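These notes are about the structure you will find just below.
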Amino acid sequence: MGRLHVLDHPLIQHKLSLMRDKNTGSKEFRELLEEIAMLMAYEVTRDFPLKEIEIETPITTMKTKVLTGRKVGVIPILRAGLGMVDGILNLIPAARVGHIGLYRDPETLEPVEYYCKLPTDAQDRELIVIDPMLATGGSASAAITFLKQRDCTDIKLACLIAAPEGVRRMRKDHPDVDIFVAALDERLNEHGYIVPGLGDAGDRLFGTK
Ligand code: PRP
Ligand code: URA
């Protein structure tokens with residue numbers, strides 16, 4: 001069973017509190033999301049395998065470790081997932097980026113797909129699906145189903161804030177996927193928004209409301 005990791009490092013908690021504040025504007029919101037994504041990437045990659053190599057320092061030869069294993073793919077769910085891409089690429093600059101476009105129908109809350117462009121070798125990569133909000137879990141679950149239909153097997157999910165409903169949905173649909181969140185909030189409201197949450201992540205990122 002995949003694990004739920006709540007990354008409650010003090011720097012992450014502090015920056016997330018600033019993001020939640022309704023008086024924080026788009027510029028600061030974007031900067032904070034990128035910074036938190038970078039801090040989260042540090043934990044999401046904790047189990048990456050290493051191999052031993054020999055190098056020469058200016059002083060002597062030594063055995064040391066470098067990353068081995070699969071190459072990485074970062075998969076933002078559009079739109080709001082875009083806000084986490086640069087933070088992760090800061091730490092994993094060689095990662096390829098694949099985009100999955102989904103929006104949540106405001107009436108049914110069901111995800112509707114409108115775009116997909118993945119690296120051609122996505123199935124050989126370790127994939128990190130990113131989206132700031134895991135609310136009903138419909139969007140993340142649909143994106144991951146989509147990846148699995150394309151033979152991707154090595155998938156993690158990183159979100160800023162999750163509702164218990166979204167975590168349950170992911171557990172049911174994708175029990176193999178590890179989930180990384182900065183905070184697990186109380187619940188969803190009647191419109192499917194996370195409470196207390198931070199409002200509409202896409203609108204706050206891009207200033208569309
Ligand atoms: C938001 C968010 C997630 C989704 C979460 O996107 O970024 O993708 O809702 O909700 P769910 O867990 O109930 O599916 P939205 O549909 O608002 O699209 P946007 O990113 O384009 O604003
Ligand atoms: N999408 C958002 O952007 N925010 C929520 O609280 C729920 C879904």
Side-chain angles (χ1 to χ4, degrees), residues 2 4 6 15-30 32-34 36-37 40 44 73-88 97-118 127-148 155-175 177-209:
L4 173 67
V6 181
K15 290 173 189 294
L16 181 56
S17 300
L18 299 175
M19 288 187 74
R20 288 182 189 273
D21 189 326
K22 69 175 187 184
N23 295 314
T24 298
S26 284
K27 176 176 182 286
E28 200 184 347
F29 191 90
R30 276 196 297 276
L32 289 162
L33 180 56
E34 182 179 330
I36 295 178
M40 290 183 74
V44 173
V74 179
I75 315 290
I77 301 178
L78 305 180
R79 290 176 297 169
L82 289 175
M84 298 175 73
V85 172
D86 286 348
I88 295 188
V97 182
H99 297 84
I100 298 182
L102 295 173
Y103 70 87
R104 218 170 54 147
D105 183 291
E107 300 298 323
T108 65
L109 300 185
E110 286 300 313
V112 181
E113 187 199 316
Y114 62 89
Y115 186 76
C116 178
K117 182 80 180 173
L118 300 176
L127 300 182
I128 306 172
V129 176
I130 51 177
D131 191 331
M133 310 306 276
L134 183 66
T136 64
S139 303
S141 177
I144 291 169
T145 298
F146 198 73
L147 293 171
K148 288 182 173 175
I155 304 171
K156 290 173 172 164
L157 173 67
C159 304
L160 203 58
I161 302 181
E165 293 87 338
V167 174
R168 278 199 293 276
R169 172 79 184 265
M170 278 295 302
R171 284 270 186 267
K172 179 169 147 289
D173 295 354
H174 301 291
V177 171
D178 269 14
I179 307 169
F180 297 79
V181 299
L184 183 59
D185 274 9
E186 283 167 26
R187 62 186 169 86
L188 295 179
N189 70 13
E190 62 278 21
H191 305 294
Y193 278 90
I194 299 176
V195 180
L198 50 68
D200 189 303
D203 284 338
R204 292 195 64 189
L205 258 181
F206 297 112
T208 39
K209 229 175 221 165

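Numbering of ligands and ligand atoms starts at 1, following listing order. Here the structure is a predicted model, which means the values were calculated and not measured.
At a distance under 4.0 Å, a protein heavy atom can be found next to atom 2 (C) of ligand 1. For atom 11 (P) of ligand 1, the nearest protein heavy atom lies closer than 4.0 Å.
Residue G202 places no N or O, backbone or side chain, under 3.5 Å from any N or O of ligand 2. In terms of polar-atom proximity, I194 is counted as a contact of ligand 2, with an N or O under 3.5 Å from an N or O of the ligand. Considering backbone and side-chain atoms alike, R104 places an N or O below 3.5 Å from some N or O of ligand 1. Polar contact check, A201 against ligand 2: a nitrogen or oxygen pair lies under 3.5 Å apart.
Closest approach of A182 and V6 over heavy atoms only: O-CG1, 4.1 Å. When all heavy atoms are compared, the tightest approach of L184 to A163 is CD1-C, 4.1 Å. When every heavy atom of L198 is checked against every heavy atom of M19, the shortest pair comes out as CB-O, 4.1 Å. Residues A80 and L205 approach most closely at O-CD1, 3.4 Å, considering heavy atoms. Taking all atoms of both residues into account, the shortest heavy-atom contact from A158 to I128 is CB-CG2, 4.3 Å.
Residue Y103 has at least one heavy-atom neighbour below 4.0 Å for each of these atoms of ligand 1: 16 (O). The distance from ligand 2 to the heavy atoms of A135 drops below 4.0 Å at these ligand atoms: 7 (C), 8 (C). Atom numbering of ligand 2 starts at 1 in the shown order; those under 4.0 Å from a heavy atom of G192 are 7 (C).
Contacts between T136 and ligand 1, counted as non-hydrogen atom pairs separated by less than 4.0 Å, involve both the backbone and the side chain.
Counted by atom type alone, R79 and T208 present one or more donor-acceptor pairs between their side chains at under 3.5 Å.
A donor-acceptor pair is defined here as one N or O able to donate and one able to accept, closer than 3.5 Å; such a pair exists between the side chain of R171 and the backbone of G2. Side chain of R169 to main chain of S141: no donor-acceptor pair is present (N/O by atom type, distance under 3.5 Å, no hydrogens or angles). With T136 contributing its side chain and G166 its backbone, the two residues share no donor-acceptor pair below 3.5 Å.
From the protein, the heavy atom lying nearest to atom 21 (O) of ligand 1 is R79 NE, 3.0 Å. Summary of contacts: the protein heavy atom closest to atom 4 (N) of ligand 2 is G199 O, 2.8 Å. Remark: minimum distance from atom 17 (O) of ligand 1 to any protein heavy atom is reached at D200 OD2, 4.0 Å. Nearest protein heavy-atom contact of atom 5 (C) of ligand 2 is Y193 CD2, 3.3 Å. If you check which protein heavy atom lies closest to atom 5 (C) of ligand 1, you get M133 O, 3.4 Å. Taking atom 7 (O) of ligand 1 as the reference point, the nearest protein heavy-atom neighbour is D131 OD1, 2.8 Å.
Nearest to atom 14 (O) of ligand 1 by heavy-atom distance, out of S139, A201, G137, A140, is S139.
The residues D185 and R20 are annotated as salt-bridged, a charged nitrogen and a carboxylate oxygen being separated by less than 4.0 angstrom.
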